[in-house]
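Computed from a predicted model, the values in this text were never measured in an experiment. Along the sequence shown, residues carry numbers from 1.
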Amino acid sequence: MKLSNYSQLAAVTIYNWNTSSEVTNSEIINMLERLGLQNDPLSEGVIFRHLLATYSANDADSPRIPLFVKEPLLERHWRDLKELDPELFAAAKAYYIYARAVNNFEGSDTRVIYSIPELRRLKLETLETGSPEATAIASMWLAMELTLANPIQAINEIEYSLPYLPLYTTDKNLQNILSDVIAHDWLRGAYSELFIPSRAFFHSKQIIEKESQNKNSMVRTWAYFSAIDALLIQNRYDDALALSDDAIEHISEVESVHEKLLTLVQRLRIIVFSKGDGYGESANLLIEQIRQLDTTKVKIKTQELTSYAEALYAAITHDKTSFDSYVKRYKEIVISTIPGSGFKEKIKLRLELELSRLYDANGDYQQSYAHTKAYNQLLVEKNTEQFKFSSSSFNDGIAKDIELARYRQKELSMLRDEKDGLSSDKEAMKTTIIALTVTIIIILAFWLWLTKRQGDLIIEKDSLTGALTRRAMINSLKNSLKNEKRSCVALLDIDNFKKINDKYGHITGDEVLTVFTQIIKNRIRKSDKLCRYGNEEFLICFSDSDRRSAERILNELNMALSGQKFWRAADEKFSVSFSYGLINVNGETNFDNIIKACNELLNKAKREGNAGAAPLPL
């Protein structure tokens, strides 16, 4: 029961905090106090405190949710929730990943560089729970972020998750924020933009059927509108008219003026675009019904629809003055909604598309063509923008799978050829058997060599960071130090590393080590060598280099490391620095002497406070 209450609290807060809605901030605060979330010491309490605090963390000009986070959110807390309720775990962690990304990147779409890999890891984690519902929830959150990076992949994720998504309901909880109806609506919109109206129609119909029991649902009314729109694009006017009959029957039990207007305007569009027998008379009856609706107390959306309907009617009555006036009014209303909307591109697209339709109905084909061109240009720009964050890094493993498939295909082809040879030429049987045996021996020998090589690589490389191990570094330096007269060796130690582990957890500590390793690898040359010498100690050998050049590189590394302030497993920003001891080797070949000299300089740097320029805020 407590988990259910927390889930509903989170959904209510996400939908209503700092917004003009039926639930006020005061009511949400009362819910928080009644549930006792602030003082819940269990894992679910820690998770939901962090989740809700993160939601309003960047609200500078409006009230923040009055929750205080005293302890870090650790992996063990997520494990506990996953065991208690896999579906809620998927929804909570997915939203937490999303909210942190939005905060850390200050609302920028570049958040997907962080959020997409994290949500993909979450999806794999939910697969291990054996709950298809949990996986579907994680997949839908991933799809939402993919719409900014790769809309085609987003469609695949939504179709993948659709059979197991929670049902749409007006009683919101964290699990059903992204429900089956929302999935169908996303797919409807995606297929419309890809100009696949048959699929857009299918998903609109799915919403209509799923909402058949919800007679007052705006969701269903809008689904009728979009389904008819898809039919109009296909010139299926008879089907559109039949579906419009169902839509009008639906709004007969609806009190919303907006829904009635939406349905009647769509009916008018069918009549005008189809231009069937007696369409002028039918249009006249409809415009009278539209004019009789009392739209004085409703939103600006009804003004937009009314202006559109009047412009459409003026087009078929050849009233140029009225047509120009209402088209101008329609454009002004739509354009006025753009600045405050989070869907600016979609509004601009819809405006150009509807203007092209209005001018076409008016017989002004030149203007219609101009707006069609503008619509197509906006669509190109929108799709280009959507794909700008698409990265091959989102497809890790494909190259390996392709290479493995090719290897297997070659092996199968070889065996198939040998089999064909046996059946077609009995005289060559012995030769074929020998060749096949040799082939198997070669493959086996290659496999054993590959296995040994992989084992050697594992021994030589640190399992966490990928840097050389101490043993591999010693073996490598024995030869290189004898042959190189000019080289430098530096021993690096990450400052305050124990405090990082204690405060943020070992997962964050591991992340610091791996990020630090990657920063070094990206800066040093291929001829240089990097070793993880101890827990937070690293050793770099700069081949054919003097002390001044090596010191310059080390300072650059320290600046790059201190610039990294976002850590996936931590709940706050912090920077990291390192100290180092650097010596010229000058022909010295005794490894112990080199390490001893580096270590003395490193300890001196620590004592004198000569670590990185960006101190850790601990």
Does [X] use its side chain to pair, donor to acceptor, with the backbone of [Y] at less than 3.5 Å?
{"X": "Asn362", "Y": "Ile316", "answer": "no"}
{"X": "Ser56", "Y": "Ile65", "answer": "yes"}
{"X": "Ser139", "Y": "Ala136", "answer": "no"}
{"X": "Asn25", "Y": "Asn18", "answer": "yes"}
{"X": "Gln234", "Y": "Ala230", "answer": "yes"}
{"X": "Asp229", "Y": "Phe225", "answer": "no"}
{"X": "Asp185", "Y": "Val181", "answer": "no"}
{"X": "Glu27", "Y": "Thr24", "answer": "yes"}

With sequence neighbours left out, which residue pairs that include part of residues 134-154 fulfil the salt bridge (Lys or Arg N to Asp or Glu O under 4.0 Å) condition?
Arg111-Glu145
Selection residues 152-174 - residue pairs positive for salt bridge (Lys or Arg N to Asp or Glu O under 4.0 Å), sequence neighbours left out:
Lys123-Glu157, Glu159-Arg199
Without placing hydrogens or testing angles, list every side-chain donor-acceptor pair under 3.5 Å for residues 323-330, not counting sequence neighbours.
| unit_1 | atom_1 | unit_2 | atom_2 | d |
| --- | --- | --- | --- | --- |
| Asp324 | OD2 | Lys320 | NZ | 2.8 |
| Arg329 | NH2 | Gln303 | OE1 | 3.1 |

N/O donor-acceptor pairs under 3.5 Å from side chains in residues 240-249, not counting sequence neighbours:
| unit_1 | atom_1 | unit_2 | atom_2 | d |
| --- | --- | --- | --- | --- |
| Ser244 | OG | Arg267 | NH1 | 3.2 |
| Asp245 | OD1 | Arg267 | NH1 | 2.6 |
| Asp245 | OD1 | Arg267 | NH2 | 3.2 |

Contacts of type ring-ring contact (aromatic ring centres under 6.0 Å, His included), residue Trp78, not counting sequence neighbours
Tyr96
Taking ring-ring contact (aromatic ring centres under 6.0 Å, His included) as the test, write out the residues that go with Tyr375, two or more places apart.
none
Applying side-chain contact (heavy atoms from CB on, under 4.5 Å), name anything that partners [X], two or more places apart in sequence or on another chain.
{"X": "Ser131", "answer": "Pro86, Glu87, Thr129, Glu133, Ala134"}
{"X": "Asn173", "answer": "Ser7, Gln8, Gln175, Asn176"}
{"X": "Ala154", "answer": "Leu146, Thr147"}

Any side-chain donor near an acceptor of the partner, [X] and [Y], under 3.5 Å:
{"X": "Asp239", "Y": "Tyr237", "value": "no"}
{"X": "Ser204", "Y": "Ser226", "value": "yes"}
{"X": "Tyr313", "Y": "Asn284", "value": "yes"}

Got a sec, which residues hit side-chain hydrogen bond (donor to acceptor under 3.5 Å, both in side chains) with [X], two or more places apart in sequence or on another chain?
{"X": "Asp360", "answer": "none"}
{"X": "Asp85", "answer": "none"}
{"X": "Tyr365", "answer": "none"}

Which word best sums up how the rings of Tyr6 and Phe48 line up, parallel for under 30°, tilted for 30 to 60°, or perpendicular for over 60°?
tilted
Taking the six-membered ring for Trp, are Tyr95 and Tyr98 parallel (under 30°), tilted (30 to 60°) or perpendicular (over 60°)?
tilted
Kindly indicate, with the supporting measurements, whether the criterion ring-ring contact (aromatic ring centres under 6.0 Å, His included) is fulfilled by Trp17 and Tyr55.
CA-CA 9 Å; Trp17 184 261; Tyr55 171 75; 7.9 Å; no
Pi-cation contact, Phe105 with Arg100 (under 6.0 Å, within 45°):
no
Got more than 12 heavy atoms from elsewhere within 6.0 Å of [atom1], [X]?
{"X": "Tyr114", "atom1": "OH", "result": "yes"}
{"X": "Asn376", "atom1": "CG", "result": "yes"}
{"X": "Glu288", "atom1": "CD", "result": "yes"}
{"X": "Phe566", "atom1": "CZ", "result": "yes"}

